[in-house]
Amino acid sequence: DARVTQTPRHKVTEMGQEVTMRCQPILGHNTVFWYRQTMMQGLELLAYFRNRAPLDDSGMPKDRFSAEMPDATLATLKIQPSEPRDSAVYFCASALSQDADTQYFGPGTRLTVL
Amino acid sequence: EDQVTQSPEALRLQEGESSSLNCSYTVSGLRGLFWYRQDPGKGPEFLFTLYSAGEEKEKERLKATLTKKESFLHITAPKPEDSATYLCAVISGGYNKLIFGAGTRLAVHP
């Protein structure tokens, strides 16, 4: 049963600390997306990669957020330093390479910054 | 600017009471419209993709339809297990960027 996995599922940290979230896309999918979901803003795209190269990170605060794909089976989203306004659920999704292909979402990482 | 609006925000139904959810969109060039279901504490689960006006897709009690301005998710004889938030999203232009609506929270009571 192919699915996107994310770790950790929950993270509580203090303001100023570094947070790293990890995602394993579905095997064979070469497009990976990071989304953030809050009650106020809903689901927002932060960044996406194709073949491990970043294609769009315009939704991401550049001064504190960074996203990478060290290899085809791992995507990371890092926040340094974290702030209380970063509290949200962060989802990773993956898709095949063709345009407008269906995106499959992971279970999310619920981040709380105190 | 591309925009997706879902209505109603919340819907309460009795088991067996059929209804429809609406997703209206304004995009420069629609390349795909997606319906997802999201349960509390979980990620969005893919339901349907529609690519062109007139297209319809069905899955169990759900049927999605698409026109040039909106999509409907019809729920026939719903059951309590259909309770969830239903999200609509579109892809337009040259990117794979999904633009989501705010969702409709559906509660089906026995």
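This one's a predicted model, so the numbers in the text were calculated from it and none came from an experiment. Within every chain, numbering begins at 1; the chains are lettered A, B, ... in the order of the sequence lines, protein sequences first and strands thereafter.
Proximity to chain A is limited to the side chain of B/Leu87, based on heavy atoms less than 4.5 angstrom apart. Contact of A/Leu45 with chain B is made through the side chain alone, with heavy-atom distances under 4.5 Å. Contacts of A/Gln37 with chain B are made by side-chain atoms alone, with heavy-atom separations under 4.5 Å and no backbone atom involved.
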Worked verdict on A/Phe105 versus B/Phe46 for ring-ring contact (aromatic ring centres under 6.0 Å, His included): CA-CA 8 Å; A/Phe105 284 75; B/Phe46 169 72; over 10 Å; no

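B/Phe72 and B/Phe34 fall into different hydrophobic clusters, where Ile, Leu, Val, Met, Phe, Trp and Tyr side chains are chained together by heavy-atom contacts under 4.5 Å. The cluster map of Ile, Leu, Val, Met, Phe, Trp and Tyr, joined by side-chain heavy atoms under 4.5 Å apart, puts A/Val89 and A/Val113 in different clusters. The cluster map of Ile, Leu, Val, Met, Phe, Trp and Tyr, joined by side-chain heavy atoms under 4.5 Å apart, puts B/Ile99 and A/Leu46 in different clusters. A/Ile26 is not connected to A/Leu74 by any chain of hydrophobic side-chain contacts under 4.5 Å among Ile, Leu, Val, Met, Phe, Trp and Tyr, and they are in different clusters. One hydrophobic cluster, built from ILVMFWY side chains closer than 4.5 Å, holds both A/Met15 and A/Val19.
The OH atom of A/Tyr104 sits 10.5 Å away from atom CD of B/Glu45, with the distance rounded to the nearest 0.5 Å. Between atom CD of residue A/Gln103 and atom CD1 of residue B/Ile91 there is a gap of 5.5 Å, rounded to the nearest 0.5 Å.
At least one side-chain heavy atom of B/Tyr36 sits less than 4.5 Å from a side-chain heavy atom of A/Thr102. In this structure, B/Leu98 and A/Tyr35 have side chains that are in contact, with non-hydrogen atoms separated by less than 4.5 Å.
Annotation for B/Arg105: atom CZ does not count as buried by contact number, only 12 or fewer foreign heavy atoms lying within 6.0 Å. The neighbour count for A/Leu114 CG, taken as heavy atoms of other residues, nucleotides or ligands under 6.0 Å away, is above 12.
Nearest heavy atoms, A/Phe91 versus B/Gln38: CZ-NE2, 3.5 Å.
For chain B, the option among A/Ala93, A/Gly59, A/Pro107 with the highest count of heavy-atom pairs below 4.5 Å is A/Pro107.
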